[in-house]
There are 2 protein chains.
Amino acid sequence: MTRPTGDDLVEVLAALANPLRLRIVATLAGGRDYVSHLAREIGISRPLLHMHLQRLEAAGLVVGSLELSEDGKAMKYYEVADFDLRLTASTLAEAARTLTDPEKGPGRKERSR
Amino acid sequence: MTRPTGDDLVEVLAALANPLRLRIVATLAGGRDYVSHLAREIGISRPLLHMHLQRLEAAGLVVGSLELSEDGKAMKYYEVADFDLRLTASTLAEAARTLTDPEKGPGRKERSR
DNA sequence: TTCATGTGTAAGAACTTTCTGACATGTGAA
DNA sequence: TTCACATGTCAGAAAGTTCTTACACATGAA
């Protein structure tokens, strides 16, 4: 996760530009965890956490994996992905060169996810 | 602009998490410019650019200065500020420690700007 | 069966962000 | 005076984000 395209960078920054999601990443940096437990840990509702994790995963900042616990329950574990982004005027300028043009470019929301 | 507080970091990331603002920073990285000209350069309306520049300036990413041109017109020049942010799981975790608590902390929107 | 645990998703309210189209100010030059 | 250029700001529409509440499913244990 270095030198992403302009659009990828926007997605990553948008994902991190939120206190709750920052806290989620920070908490996961201390070790992987499953959704329900993490929700209690942080003190937010499970659906809300679910939404934020989706956004973080879509940006490639966390990775989730569905696993079966010993007592047969389906547990979704999340952990932080490897990333190392550097933000300076130059790195931003370079990323900006690969931003999709609002004209003629692929419509409003990129296909596939 | 290194190791900002959690809230500052969120503000900076939010400011950069937008294609137009990324383009603005990228353009200014190529040299200072005044608002009207920059608006034509990028191809957006002046009020819109004004709004985005406000957001970037509030985040400390660009700096504006009102100057008088030789023919007496008031020109507002903007240039990129010096910043160098590194985003990794650890730097984020550290920044997250200084996030203001939604409980008891200062209400919804920090005073002063 | 009922309870406690885990998963996911959908609808709607509340709020924020983004953008356009006025409007108002000022200058110097024609 | 009128034009071309610069500045700023406001109101409202449109779209996006954030959050709650409620529903659905599954498992193992009491």
Side-chain angles (χ1 to χ4, degrees), chain A residues 7 10-25 32-59 62-78 99 102-103 107-110 113, chain B residues 7 10-25 32-59 62-78 99 102-103 107-110 113:
Chain A
D7 297 297
V10 168
E11 186 173 19
V12 168
L13 295 177
L16 293 175
N18 177 288
L20 220 40
R21 285 196 293 268
L22 209 51
R23 212 166 247 138
I24 291 168
V25 172
R32 68 207 295 271
D33 201 355
Y34 63 96
V35 183
S36 288
H37 184 255
L38 185 54
R40 287 189 296 264
E41 194 81 359
I42 299 184
I44 62 175
S45 73
R46 195 176 50 81
L48 181 55
L49 175 59
H50 183 268
M51 190 227 89
H52 284 304
L53 284 171
Q54 293 279 299
R55 215 134 166 352
L56 286 169
E57 185 164 37
V62 304
V63 182
S65 63
L66 193 61
E67 301 176 14
L68 284 187
S69 69
E70 303 203 356
D71 61 343
K73 287 199 179 61
M75 319 279 279
K76 183 113 185 205
Y77 276 89
Y78 277 94
L99 279 171
E103 320 292 335
R108 218 73 205 92
K109 198 80 179 185
E110 192 71 57
R113 170 128 312 157
Chain B
D7 297 297
V10 168
E11 187 173 19
V12 168
L13 295 176
L16 292 175
N18 176 288
L20 220 40
R21 284 196 291 268
L22 209 52
R23 213 166 248 141
I24 291 168
V25 171
R32 67 206 297 271
D33 201 355
Y34 63 96
V35 182
S36 288
H37 185 254
L38 184 54
R40 287 189 296 264
E41 194 81 358
I42 298 182
I44 62 176
S45 74
R46 196 174 49 79
L48 183 55
L49 176 59
H50 184 267
M51 190 227 88
H52 284 304
L53 284 171
Q54 293 278 299
R55 215 133 168 348
L56 287 170
E57 186 165 36
V62 304
V63 182
S65 62
L66 193 60
E67 302 178 13
L68 284 189
S69 69
E70 303 202 357
D71 61 342
K73 287 199 179 63
M75 320 278 279
K76 182 114 185 205
Y77 275 88
Y78 277 93
L99 278 171
E103 321 290 335
R108 215 73 205 92
K109 199 78 179 185
E110 191 71 58
R113 171 131 309 158

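All figures in this text were calculated on a predicted structure; none of them were measured in a lab. A, B, ... follow the sequence lines: proteins, then strands. Residue 1 opens every chain.
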Practice task
Mind calculating the distance between CZ (A:R23) and P (D:dT18) to the nearest angstrom?
Solution key: 15 Å
Exercise for the section: Sequence neighbours left out, what passes side chain to side chain contact (heavy atoms under 4.5 Å, CB included) with B:A59? Give chain and number order. Expected result: B:E11, B:V12, B:A15, B:L61
Practice task
Please identify each residue that fulfils side-chain hydrogen bond (donor to acceptor under 3.5 Å, both in side chains) with A:S69, with sequence neighbours left out.
Solution key: A:D71
Fill in the blank from the handout: A:H37 meets the side chain to side chain contact (heavy atoms under 4.5 Å, CB included) criterion, sequence neighbours left out, with A:D33, A:Y34, A:R40, A:E41
Practice task
Round to the nearest Å and state the distance from B:L48 atom CG to D:dA14 atom P.
Solution key: 17 Å
Handout entry: B:L20 vs B:L49 side-chain heavy atoms within contact, under 4.5 Å
Key = no
Handout entry: With B:L68 via side chain to side chain contact (heavy atoms under 4.5 Å, CB included) - residues at least two apart
Key = B:A74
Practice task
Mind running a 4.0 Å heavy-atom check of residues 12-19 of chain A against DNA chain D and sending the residues that fall below it, in number order?
Solution key: A:N18
Practice task
Not counting sequence neighbours, which residues clear side-chain hydrogen bond (donor to acceptor under 3.5 Å, both in side chains) with A:R32? List them please.
Solution key: A:E67
Practice task
State which residue, out of A:R46, A:H52, A:Q54, fulfils the side chain to side chain contact (heavy atoms under 4.5 Å, CB included) condition with A:H50.
Solution key: A:Q54
Practice task
Calculate, to the nearest 0.5 Å, the distance between atoms CG and CG belonging to A:N18 and B:L13 respectively.
Solution key: 10.5 Å
Completion exercise
side chain to side chain contact (heavy atoms under 4.5 Å, CB included) filter on A:V10, not counting sequence neighbours, yields A:L99, B:P19, B:L22
Handout entry: Short side-chain N/O contact from B:R21 to OP1 or OP2 of C:dT17, under 4.0 Å
Key = no
Practice task
Establish, with yes or no, whether the OP1 or OP2 oxygen of D:dT9 is under 4.0 angstrom from a side-chain nitrogen or oxygen of B:H50.
Solution key: yes
Practice task
Take atom CD1 of A:I24 and atom P of D:dT18, then tell me their distance rounded to the nearest Å.
Solution key: 10 Å
Handout entry: Shortest non-hydrogen separation from B:L56 to B:R21 and the atoms involved
Key = CG-CD, 3.9 Å
Handout entry: Strand-adjacent residues in residues 62-78 of chain B, judged by heavy atoms under 4.0 Å from DNA chain C
Key = B:D71, B:G72, B:K73
Exercise for the section: Find the distance A:Q54:CD to C:dA10:C1' and express it as a whole number of Å. Expected result: 13 Å
Problem - DNA chain D-proximal residues of residues 32-46 of chain A, any heavy atom under 4.0 Å - result: A:S45
Exercise for the section: Could you work out which one of D:dT21, D:dT18, C:dT20 sits closest to the side chain of A:R55? Expected result: D:dT18
Exercise for the section: Taking only the side-chain heavy atoms of B:M51 (C-beta and beyond), determine which of D:dT20, D:dT18, C:dT18 contains the nearest atom. Expected result: C:dT18
Fill in the blank from the handout: In this structure, OH of B:Y78 is separated from CG of B:L66 (nearest 0.5 Å) by 9.5 Å
